[in-house]
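Starting from 1, each residue takes its place in the sequence as its number.
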Amino acid sequence: MRIVLLGAPGAGKGTQAKKLIEKYGIPQISTGDLLRAAIAEGTALGIEAKAYMHKGELVPDEVVLGMVQERLKQEDCKKGFILDGFPRNTAQAEALDRLLLELGMPLGAVLSVDVPFEILMKRLTGRRTCRGCGQMYNVFFSPSAVDNTCDKCGSGLYQRDDDTEETISKRLEVYKIKTAPLMDYFRTKGILKRVSGDGSIDEIFSRVKAAMDLE
Ligand code: AMP
């Protein structure tokens with residue numbers, strides 16, 4: 001199973017990726033998560049990326065490509081992978097094609113999770129993540145039982161610092177201009193599948209499995 005998850009910020013790609021990992025045991029490669037880890041570690045790459053992320057802009061292609069290349073060559077990706085948040089523009093998509101050709105690991109499918117623009121804002125401003133286990137919540141749609149506390153592990157929840165209204169607007173604009181055209185790119189290759197990302201997490205997961213012919 002080699003998949004790209006495509007969709008606007010807030011479409012629920014990360015949540016669906018986590019469901020796929022739980023069920024099928026293949027690794028998720030989220031460039032956003034890798035960049036946030038680099039920032040937390042204070043690496044040179046993290047310091048460079050931080051300024052772009054804070055503004056809601058894309059981090060330069062060569063930075064992200066280097067990270068993805070390194071990650072895809074690791075042993076656990078031999079059984080498959082879920083790319084989440086990558087590629088985000090045509091140059092990245094073309095570079096991914098070249099890399100996967102070189103590695104002999106062609107993509108099986110590109111799954112687009114489609115959510116109306118009006119809902120995305122609420123999804124993003126309401127999003128909270130557990131500091132301990134990474135479980136995600138939404139104060140509007142799927143709140144934790146106790147405010148700011150994870151139901152699964154009891155750790156505190158945090159709001160990503162690029163989930164502010166101003167940065168969110170910028171990220172959605174960047175998505176429309178740079179990432180949405182990838183739909184056509186992958187449609188032309190005949191591997192694009194689309195599912196509606198409106199509804200409960202489990203409803204969407206059922207659609208994802210059906211679209212991918214998974215049990
Ligand atoms: P995400 O967690 O996928 O929403 O990504 C958060 C931020 O990380 C984005 O707004 C970008 O600044 C940066 N980022 C993540 N993935 C990429 C990528 N493939 N290319 C460029 N920037 C990225």
- Task: Take K18 and Q135, measure what side-chain contact (heavy atoms from CB on, under 4.5 Å) needs, and give me the verdict at the end.
- Result: CA-CA 9 Å; K18 289 198 171 62; Q135 176 67 34; over 6 Å; no
- In Å, rounded to the nearest 0.5 Å, how long is the span from CD of E41 to CD1 of I47? 11.5 Å
- Item | Beyond-backbone contact of F86 with V4, side-chain heavy atoms, under 4.5 angstrom | no
- Within one Ile-Leu-Val-Met-Phe-Trp-Tyr cluster: V64 and L5, side-chain cutoff 4.5 Å: no
- Message: Running the 4.5 Å side-chain criterion over Ile, Leu, Val, Met, Phe, Trp and Tyr, what cluster does V146 land in, apart from itself?
- Response: none
- Message: I need the minimum non-hydrogen distance between L182 and P87, along with the two atoms involved.
- Response: CD1-O, 3.4 Å
- Which atom pair, heavy atoms only, marks the closest approach of C77 to I29? SG-CD1, 3.8 Å
- Identify, with sequence neighbours excluded, every residue that meets side chain to side chain donor-acceptor pair (under 3.5 Å) alongside K19. D202
- Among L83, T31, D76, which residue meets the side chain to side chain contact (heavy atoms under 4.5 Å, CB included) test with R71? D76
- Under 3.5 Å, is there a donor-acceptor pair between the side chain of Q16 and the main chain of I201? yes
- Item | Q92 and V68, any side-chain heavy atoms less than 4.5 Å apart | no
- CZ of R171 to OG1 of T179, rounded to nearest 0.5 Å, is 11.5 Å
- Item | Closest approach of P60 to E48 (non-hydrogen atoms, all atoms of both residues) | CG-OE2, 4.0 Å
- Query: Among all residues two or more places apart in sequence or in another chain, which pass the salt bridge (Lys or Arg N to Asp or Glu O under 4.0 Å) test with R187?
  - Reply: D184
- Note on the structure: Rounded to the nearest 0.5 Å, the CG atom of D151 sits from the CG atom of L157 at a distance of 8.5 Å
- May I ask you to list the residues sharing a hydrophobic cluster with L58, side-chain cutoff 4.5 Å, ordered by chain and number? V174
- Task: Let me see the working for C130 and K152 under side-chain contact (heavy atoms from CB on, under 4.5 Å), right down to the final yes or no.
- Result: CA-CA 9 Å; C130 172; K152 279 194 174 167; over 6 Å; no
- Side-chain heavy atoms under 4.5 angstrom apart, residues restricted to Ile, Leu, Val, Met, Phe, Trp, Tyr: same cluster for Y24 and F81? no
- Task: Decide yes or no for K189 and D97: does some side-chain heavy atom of the first lie under 4.5 Å from some side-chain heavy atom of the second?
- Result: yes
- Query: Going only through I, L, V, M, F, W and Y residues with side-chain contacts under 4.5 Å, is there a path from V113 to L124?
  - Reply: no
- What's the spacing between I204 CD1 and D114 CG if we round to 0.5 Å? 11.0 Å
- Message: Using the rule given for side-chain contact (heavy atoms from CB on, under 4.5 Å), can you reason through L107 versus F186, listing the C-alpha separation, both sets of side-chain angles and the distance that settles it, and then say yes or no?
- Response: CA-CA 10 Å; L107 279 180; F186 289 118; 4.2 Å; yes
- Query: Looking at F117, is K176 sitting on its ring face, NZ or CZ under 6.0 Å from the six-membered ring centre and within 45 degrees of the normal?
  - Reply: yes
- Drop me the distance from D61's CG to R88's CZ, to the nearest 0.5 angstrom. 11.5 Å
- Student check: side-chain heavy atoms of L72 and L96 closer than 4.5 Å: yes
- By side chain to side chain donor-acceptor pair (under 3.5 Å), which residues pair with T43, not counting sequence neighbours? none
- Item | Nearest-0.5 Å distance, CG of residue L172 to CD1 of residue I177 | 11.0 Å
- Query: Does Y137 belong to the same Ile/Leu/Val/Met/Phe/Trp/Tyr cluster as V139, with side-chain heavy atoms less than 4.5 Å apart forming each link?
  - Reply: no
- Message: Strictly below 4.0 Å, N to O, side chains only: are K50 and D162 in salt-bridge contact?
- Response: no
- Task: Indicate if V195 and M183 have the same hydrophobic cluster label, given that clusters are the connected sets of ILVMFWY residues with side-chain heavy-atom separations under 4.5 angstrom.
- Result: no
- Item | Side chains of P9 and I168 in contact at under 4.5 Å (non-hydrogen atoms) | no
- Query: Do I21 and P27 touch side chain to side chain, with heavy atoms closer than 4.5 Å?
  - Reply: no
- Query: Is any NZ, NE, NH1 or NH2 atom of the basic residue among E70 and K73 found under 4.0 Å from an Asp or Glu carboxylate oxygen of the other?
  - Reply: no
- Message: Applying side-chain contact (heavy atoms from CB on, under 4.5 Å) to L20 and Q28, what does each step give before you reach the verdict?
- Response: CA-CA 9 Å; L20 287 165; Q28 168 200 23; over 6 Å; no
- Message: Counting C-beta onward and ignoring hydrogens, is there a side-chain heavy-atom pair between M136 and R127 closer than 4.5 Å?
- Response: yes
- Counting distance only, does the side-chain N/O of T149 pair as donor-acceptor with the main-chain N or O of A145 below 3.5 Å? no
- Message: Testing the basics here: between N138 and R123, what is the closest heavy-atom pair and its distance to 0.1 Å?
- Response: ND2-O, 2.9 Å
- Query: Is it true that R207 and D198 make a salt bridge, defined as a side-chain N closer than 4.0 Å to a carboxylate O?
  - Reply: no
- Item | Side-chain heavy atoms of Y185 within contact of V110, under 4.5 Å | no
- Query: Backbone N or O of D163 within a donor-acceptor pair of the T167 side chain at under 3.5 Å?
  - Reply: no
- Item | Closest contact, heavy atoms only, A211 versus K193 | O-CD, 3.0 Å
- Task: Search all heavy atoms of K170 against all heavy atoms of K55 and return the closest pair with its distance.
- Result: CG-O, 3.1 Å
- Message: Run the side chain to side chain donor-acceptor pair (under 3.5 Å) test against R36 and tell me which residues pass, sequence neighbours left out.
- Response: D33
